[in-house]
Amino acid sequence: MSWYLKDKGNQINFDYIGKYENFQNDMINFLKLVELKDFDRKKIPNIGSTKHYRVQKEYFTNKKMIDVVYEFYYEDFSNFGYKIWQKQL
């Protein structure tokens, strides 16, 4: 995702970047940031949330796989504060 958000100077220049897995909370924070006060919080869906541990445990079954994903998406892990899950192998 980092590559998509970069400008011509190779910088990410946004005031706010929400995460899909925190869609509801991040959307509420964004609407506050842009000072939109007349919105019904109940109408903002809670999509994107998953049990990351379950997903990671199910799909990342060995250290090599974890390392490949981390290397491929290193920039996203770094830019967006994601943490790599380390399975006890």
Side-chain angles (χ1 to χ4, degrees):
M1 196 67 192
S2 294
W3 63 269
Y4 185 75
L5 299 174
K6 289 183 178 181
D7 62 16
K8 291 179 182 177
N10 209 28
Q11 300 294 315
I12 297 176
N13 292 310
F14 290 90
D15 293 330
Y16 187 81
I17 297 175
K19 294 181 179 178
Y20 183 75
E21 60 270 19
N22 299 320
F23 182 81
Q24 189 176 48
N25 287 333
D26 286 353
M27 181 57 77
I28 290 168
N29 290 333
F30 173 75
L31 294 172
K32 287 179 184 176
L33 182 69
V34 297
E35 298 180 0
L36 183 63
K37 297 179 183 1
D38 297 327
F39 65 91
D40 184 356
R41 292 173 185 234
K42 294 176 185 172
K43 289 187 177 183
I44 299 173
N46 188 20
I47 59 174
S49 62
T50 61
K51 302 293 182 200
H52 293 282
Y53 179 78
R54 180 187 57 77
V55 170
Q56 292 168 342
K57 184 177 178 182
E58 186 175 330
Y59 292 107
F60 300 118
T61 56
N62 63 58
K63 185 170 180 355
K64 175 72 173 167
M65 186 182 295
I66 292 169
D67 291 345
V68 167
V69 169
Y70 184 71
E71 184 177 323
F72 188 81
Y73 290 105
Y74 173 78
E75 215 173 346
D76 291 342
F77 279 92
S78 178
N79 288 332
F80 306 122
Y82 289 109
K83 299 202 178 352
I84 189 83
W85 177 72
Q86 294 295 329
K87 181 177 181 169
Q88 300 298 321
L89 300 172

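Predicted model, so just to flag it, every value in this text is computed and none were measured.
To the nearest 0.5 Å, atoms CG (Asn29) and CD (Gln24) are separated by 11.0 Å. To the nearest 0.5 Å, atoms CG (Leu31) and CG (Asp26) are separated by 11.0 Å. With rounding to the nearest 0.5 angstrom, the CZ atom of Phe80 is 8.5 Å from the NZ atom of Lys19.
Residue Asp67 forms a side chain to side chain contact (heavy atoms under 4.5 Å, CB included) with just one option from Glu71, Lys63, Met65, and that option is Lys63.
By the neighbour-count criterion of 12 heavy atoms within 6.0 Å, atom CZ of Phe72 is sparsely surrounded, having that number or fewer from other residues, nucleotides or ligands. Counted within 6.0 Å of CZ on Phe30, heavy atoms from surrounding residues, nucleotides or ligands total 12 or fewer; the atom is thus considered open. In this structure, Asp7 places its CG atom where more than 12 heavy-atom neighbours from other residues, nucleotides or ligands lie under 6.0 Å away.
The aromatic rings of Tyr82 and Phe77 sit perpendicular to each other, their planes meeting at more than 60°, with 30° as the lower class boundary.
Listed by first and then second residue, the side-chain hydrogen bond (donor to acceptor under 3.5 Å, both in side chains) pairs that reach into residues 72-81 are Ser2-Asp76, Ser2-Asn79, Lys6-Glu75, sequence neighbours excluded.
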